[in-house]
There are 2 protein chains.
Amino acid sequence: MTVTLDFSKPCTHGRKNCLECDMRLLSVCGALDQTELGALESLAQTSVFEPKQTLFVEGDPAESVFTVTQGMIRLYKLVPDGRRQIVGFALPGDFLGLAMANKYGFSAESIVPTRVCRFSRAAFSAFVDQKPHLLRRLHEFATHELSLAQDQMVVLGRRNAEGKLAAFLIGLRNRIAAIAGHSVTIALPMSRQDIADFLGLTIETVSRTLSSMAKDKLILIVPDGVRLLNPKAVEALAEA
Amino acid sequence: MTVTLDFSKPCTHGRKNCLECDMRLLSVCGALDQTELGALESLAQTSVFEPKQTLFVEGDPAESVFTVTQGMIRLYKLVPDGRRQIVGFALPGDFLGLAMANKYGFSAESIVPTRVCRFSRAAFSAFVDQKPHLLRRLHEFATHELSLAQDQMVVLGRRNAEGKLAAFLIGLRNRIAAIAGHSVTIALPMSRQDIADFLGLTIETVSRTLSSMAKDKLILIVPDGVRLLNPKAVEALAEA
DNA sequence: CGTTGAGTTGACCATCGTCAACAGGAGTGG
DNA sequence: CCACTCCTGTTGACGATGGTCAACTCAACG
C-alpha cells in the first residue's frame, strides 16, 4: 500500500489513466477487467475542485455520478430552518450516486482540493446494465454505506458527546487506514462545524469535548487533526 | 389496492403461492416474470412468528434472507451497556438481508404476528447471480433503505422531541399508505420503548411528547395507535 | 495593521434524562 | 369472583448534559 492521503495537496489535472489509478481496486472500478476498464475510461471525465466548491445540490437532477480519487467531500442535508446534518464524508474510493435516482438525495461540497471521475448518469447506467458484476459491486458499496449509516444512527441516537467524538475519530481512522495504512495521527481537514453537524452537536460542544479528551491525555490536538495518545482508551469509548 | 394491514391478526400457515401473493409487486419479487417466480417459489419457505420472537441476532452467520409478507419487525443494534438503537421497522414488502453478507448487521424481532418468506442465503445469492434484473431490484431496495437511513440521521441529529415524533408518525403513515392506502389513523403496534429506541429518546419523553401533541389537538391517542386530528400541522412539524 | 473567520472558553439556561409514584389492563390463582 | 402480580404507559419533580450567548485568542490575508 503505497497510497498516501494528503488532504492539503492541490490536485493536478493529470490525464485520466484508469489502469494506473491508485484508487482502482478500492473503488467500484475494481470490479472491471482491463477491457471493461478501457470502455469505462472513455466515459469518464476528470474534474477537480478547490475547497468549498459545490459538486451538486440535494434535489437537483442527478446528471452525473462520481468516483472520488483524491480529497474529501461533505455530504449533507439541510432542514428548512437552516440547520444542517452531514450524512457522510466521501473519501477516495467512494462512489457518489449509488442510487442512480433522478434527483440527488443530498448535497456535496469539497472540503479540500478534490479530484473525481465524473460519469454521465445515463451513460454509466447503460454501462452497468451490461456488466452484472459491476452492478454487484455497486450493490456491495450500497449495502456497505447502509451499514455505516446504521452505525451512525447508533452514534446519533445513543451516545453522549464524548462517545460521539470517539466513534467519529476511530471510524475516520479506520477508513483512512483502509486507504493509506495505519497511523496514530488522524487528519481532520473538515471544520469543527462539519464535525458538529455530523454528530448532532454544536461547534462549542465539539471544541469542549476535544479539549477535555486532550486534558485527559487521550488525544493531542495538532494542526488540522488529532494524534491518538491512548488509542485503546479512545477505541473503548467508541465502542461503549 | 385491496391490501389491508391488520397488525393484530394472527398469521395463517397457508401454502405459499407467489403468483397470488398480495405483496409480490411491492417486494423484490416484483422484478420477476411468471417463470422466474416459479423458480424462486421453489426456494422459498414460509415462516410465521408470534409477537416478540427473534428472527436472527446481530453477528450471527447469515444463513437466511427474508421477504416480509405480513406483520412488523423491529431491527436493532445493542450497545455494550445494554442500550438499544432501533435502526428500522420492517413492514410487508421489505427485504431483510440486502447485504447478503456473512453475518447479520442487526437483530430482528417480530413485534406482532408476522409472516415471512425465508430463503437460504446461498441459494438466493446463486439465483440472483443468474437474474441481473433481480439484482437491480435489490440494489434499488438497498439505495431506498440508505435514503431512509439518511433521513433518519437528520431526525436523530437535528430534531427535538416533538419533531422526532412528528417525523416518525408521518414517515410511518406514508409507508403504510404505500402498502394499504391512506388513512388518518396510524397503527402503532410497537411499544413506547421501541419508539424511544428508534428516535433516540426515553420512553418518558415519548409519552410526554405524545400527550402534549394530544393536548394541542394535533393527534388523538387511541388504543395501539394515534389518529391525526391536524395532519397538515403534524406534517409541518415533521418537515421543519 | 486592521479585518475576518475559525476555534476556544466561560456563564447561564433549556431540553430531555433520571428517578419515582401511580394508573389501568391482562393474566393467574385462590 | 376477587386479589394479586406483572407489564405498559403516564405524570411529576429534579438534575445533568449539551445548547445558547458572549467574549476572547490566533492565524491568515489584504
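The sequence lines fix the lettering, A, B, ..., with proteins before strands; numbering per chain opens at 1.
Enclosure of atom CD in B:E63 is not indicated, since only 12 or fewer non-hydrogen atoms of other residues, nucleotides or ligands lie within 6.0 angstrom.
For the pair B:M213 CE and D:dT10 P, the computed distance is 13 Å after rounding to whole Å. Atom CG of B:L165 is separated from atom P of C:dC16 by 10 Å (rounded to the nearest Å). The distance between atom CG of B:D224 and atom C1' of D:dT8, rounded to the nearest whole Å, is 11 Å. Taking atom CG on A:N160 and atom P on C:dT18, their separation rounds to 11 Å, with Å as the unit. When the P atom of C:dG7 is taken as reference, atom CG of A:L210 falls 11 Å away, rounded to whole Å. The NZ-C1' distance, from A:K52 to C:dG5, rounds to 8 Å in whole Å. Between the CZ atom of A:R208 and the C1' atom of D:dG18 there is a distance of 8 Å, given to the nearest Å. When rounded to the nearest whole Å, the span between CG of B:D197 and C1' of D:dG9 equals 15 Å.
The side chain of A:S211 approaches C:dT9 more closely than any other nucleotide in the set D:dG19, C:dT9, C:dT18. For A:I221, the side-chain atoms get nearest to C:dT8 when compared with the rest of C:dA6, C:dT8, C:dA11. Listed candidates were D:dT17, D:dT11, C:dG17. Nearest to the side chain of B:E204 is D:dT11. The side chain of B:I203 has D:dT10 as its nearest neighbour among D:dT10, D:dT20, C:dG17.
Mapping A:R158 and A:Q193 onto DNA chain C by nearest heavy atom places A:Q193 closer to the 5' end of the strand.
Heavy atoms of B:K215 sit nowhere under 4.0 angstrom from any nucleic acid atom. Among the protein residues, B:S207 comes within range of the nucleic acid bases, having at least one heavy atom under 4.0 Å from a base atom.
For the pairing with B:V116, the side chain to side chain contact (heavy atoms under 4.5 Å, CB included) check across B:L96, B:V48, B:L55 returns one residue only, B:L55.
Considering only side-chain N and O atoms, B:R192 lies under 4.0 angstrom from the phosphate OP1 or OP2 of D:dT10. Contact check, B:T205 against C:dG17: a side-chain N or O comes under 4.0 Å of OP1 or OP2.
Looking at A:E239 and A:R159, no side-chain N of the basic residue comes within less than 4.0 Å of a carboxylate O on the acidic one, giving no salt bridge. Salt bridge status for B:K52 with B:E109: absent, with no side-chain N to carboxylate O gap under 4.0 Å.
Under the 3.5 Å distance criterion, the side-chain polar atoms of A:T209 are matched with a main-chain donor or acceptor of A:T205.
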